[in-house]
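Input: a single structure, listed below in structure tokens.
Letters A, B, ... mirror the listed sequences (proteins, then strands); counts begin at 1.
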Amino acid sequence: MKTLVYIDHFKGEVQPASWEALGVAKSFGSASVVIFGSGFDTLAKTAFEFGADEVLVADDPALTDYRAEAFASTLSALASSRTPDLILLPTTTRTREMAALTAIDLNTGVLVDLTALSLEGDKLIATRPIYEGKLNEKVVCAGKPVIATLRARAFPRPTQDKSKSGTATKAEAKAESPTTVEGYEVAEQTVSVTDAGIIVSGGRGVSNNPSLTPPAGMDEKQAEIWRAQQGFKLVGELATVLGGAVGASRAAVDGGYIPYSHQVGQTGKVVAPDLYIACGISGAIQHIVGIRSAKLVVAINKDPDAPIFKVARYGVVGDLFQIVPALTEAFKKKLGK
Amino acid sequence: MKIIACIKQVPDSEAKVKAESGQVSWGEAALVINPFDEFPVEGALQQKEALGGTVTALCIGPESAKDALKHALAMGADDAILISDPALQSLDTQGAARVLAAAINKIGGVDIAVFGRQTLDDGSGITAAQTARLLGWPMLGLVGQLKVQDGSVKVARVVEEGRQNVSAKLPAVLSITQGIGEPRYPSFMGIRKASKAEIPIWSLSDLGISAPAQIVSRLELVTPPSRDVTCEIIAGESPTEIADKLADKILAEKVL
């Protein structure tokens with residue numbers, strides 16, 4: 001089986017699930033990695049180290065900024081000339097669109113956000129969540145190539161072998177696009193929650209520390225946000241000690257406590273960490289759907305009836321402003337930090 | 001401005017969804033407008049208020065899907081069209097996109113087609129992009145804010161890294177997310193007007209197309225392993241004692 005693997009990156013920062021996709025491709029046969037943009041020689045090098053048989057670079061400055069049509073047309077052209085059996089991409093906002101457009105160009109199907117993919121004979125059988133993970137469906141694609149996006153952390157990370165190397169091949173870019181990128185407002189660089197093995201999340205409760213006195217001159221809303229930011233500092237400190245990422249409920253993001261990039265849940269990100277610690281999060285169904293795949297859920301909330309306790313393995317009914325810093329100290333000692 | 005809001009009817013998000021004889025069943029749960037679709041309807045209405053024009057809600061579904069269209073009408077959409085045909089029972093994303101593109105072309109003179117980011121049932125989130133490609137229109141996905149001016153639209157896309165500001169000439173396809181604002185509640189007058197509305201039904205022959213070939217098919221449904229957890233509440237005399245016990249429990253689970 002011949003697979004084209006699209007390495008998704010933002011200005012050189014690779015979505016780690018790209019390497020997971022490469023690992024899956026290698027398990028089926030040969031893997032040609034595809035990288036878009038100029039000046040990403042290190043990415044090509046890493047791709048060889050993760051096992052790519054071939055690395056194709058569409059080295060064109062016009063592909064520096066993501067534009068749906070340009071990226072899709074370039075991918076479609078590569079697929080037409082290389083005729084792979086399968087195109088794999090990690091699931092991201094970019095790749096959903098690219099895969100969608102390329103599938104129309106090639107008159108084939110897209111299987112989105114897979115949690116399993118197996119080759120039975122020469123048939124690819126894919127598993128993906130539906131109804132927000134309440135059910136899974138097994139699907140097949142009658143078109144060729146099969147195009148599939150893989151959910152982050154659902155597939156194993158291949159080993160990186162620094163002794164492997166190769167020479168990248170230049171590929172043609174089809175960079176025409178009817179859209180113009182005017183600019184970005186980039187959020188601060190942090191560990192993305194979708195790739196994190198450990199997440200400590202804060203909810204509405206994080207703003208509710210009455211013992212804190214905000215600086216003078218703040219109105220009620222500003223004081224609430226200030227208190228929440230102090231609360232998120234505690235959440236962040238626990239995340240740092242555990243080597244994890246900071247997540248947030250929709251209520252916290254809507255409250256202006258923390259940027260949307262941290263939002264976990266139905267309208268935010270679906271995550272699959274090994275450990276998820278929910279602090280001051282009530283556990284509305286829209287949040288729960290985002291953490292269904294978490295291996296271990298721990299909840300800290302002062303309301304014993306909070307629905308989060310129904311999905312948590314361990315819980316503390318208590319004041320998160322006391323428990324979270326105490327937990328940070330406990331882990332510092334036990335992990336020798 | 002002529003805006004089409006493409007919506008879908010799905011089971012309520014609180015529904016207990018189960019696999020029953022190879023079909024998805026949601027018991028007595030209500031069928032509602034896809035919650036993600038309230039945002040594009042809201043976005044369309046905001047543009048109509050700013051620039052004038054009309055908002056038409058469009059939906060592929062069985063007769064019951066008229067209720068989802070009535071919700072859009074009650075919010076303030078001017079009219080609605082249901083596309084319904086026995087040959088459209090199981091549509092994959094590109095099949096739905098083909099049908100929607102044909103309808104948008106039949107309506108004609110459309111400036112913007114808006115979608116929600118994904119549906120509650122399938123959740124692939126790609127029908128909007130596929131419709132755009134078939135129409136030959138630019139695709140602007142995950143829009144949190146938009147401004148239409150002089151035949152172009154400027155949007156802020158909410159993506160992993162933050163916000164990407166993009167512009168394109170109309171006509172265009174947009175998927176609109178919660179950044180657009182809280183969807184307005186249907187007014188009492190709106191609900192009354194919607195309940196009396198005549199919603200035309202277009203079949204495949206009205207659209208002048210044959211049933212799209214099915215490329216992606218479902219083999220079977222799989223019920224995920226039950227995640228019934230019994231929560232062990234950790235208690236103690238002091239936060240330090242509780243934290244110590246909890247940390248030990250977490251370490252014992254070997255997730256760190």
Item checked: Structural part of A:Ala72 lying under 4.5 Å from a heavy atom of chain B -> both

Next item on the list: Assess the side chains of A:Glu182 and A:Thr180: does a donor N or O sit below 3.5 Å from an acceptor N or O?
Entry: no

Next item on the list: State, without any angle test, whether B:Arg163 and B:Gln145 hold a side-chain donor-acceptor pair at a distance under 3.5 Å.
Entry: yes

Check: Quick one: are B:Val143 and B:Thr177 in side-chain contact, heavy atoms under 4.5 Å?
Finding: no

Notebook entry, point to check: What part of B:Trp26 lies closer than 4.5 angstrom to a heavy atom of chain A: side chain, backbone, both or neither?
Noted result: side chain

Checklist line | For B:Asp244, the option from A:Lys333, A:Lys334, A:Lys332 that meets salt bridge (Lys or Arg N to Asp or Glu O under 4.0 Å) | finding: A:Lys334

Next item on the list: Residue by residue, scan residues 178-185 of chain B and write down, ordered by number, those that have a heavy-atom distance under 4.5 Å to chain A; if none do, write 'none'.
Entry: B:Gln178, B:Glu182

Next item on the list: Heavy-atom distances under 4.5 Å only: say whether B:Lys18 touches chain A with side chain, backbone, both or neither.
Entry: backbone

Next item on the list: Please look at A:Gln266 and chain B and tell me whether the side chain, the backbone, both or neither of the residue comes under 4.5 angstrom of a heavy atom of that chain.
Entry: both

Next item on the list: Check each atom of A:Val324 against the heavy atoms of chain B and say whether the ones under 4.5 Å are side chain, backbone, both or neither.
Entry: neither

Notebook entry, point to check: Which atoms of A:Ile285 come close to chain B, meaning under 4.5 Å heavy atom to heavy atom: side chain ones, backbone ones, both, or neither?
Noted result: side chain

Margin query: Using heavy-atom distances under 4.5 Å, tell me whether A:Asp254 contacts chain B through its side chain, its backbone, both, or neither.
Written below: side chain

Check: Checking A:Ser73 against chain B: side chain, backbone, both or neither under 4.5 Å from a heavy atom?
Finding: both

Checklist line | Distance flag, aromatic centroids of A:Tyr314 and A:Phe309, threshold under 6.0 Å | finding: no

Next item on the list: Report yes if the side chains of A:Ile104 and A:Asn107 come closer than 4.5 Å at any heavy-atom pair, otherwise no.
Entry: no

Check: Where does A:Pro325 contact chain B at under 4.5 Å (heavy atoms): side chain, backbone, both or neither?
Finding: neither

Check: For A:Arg128, is it the side chain, the backbone, both, or neither that has a heavy atom closer than 4.5 Å to a heavy atom of chain B?
Finding: side chain

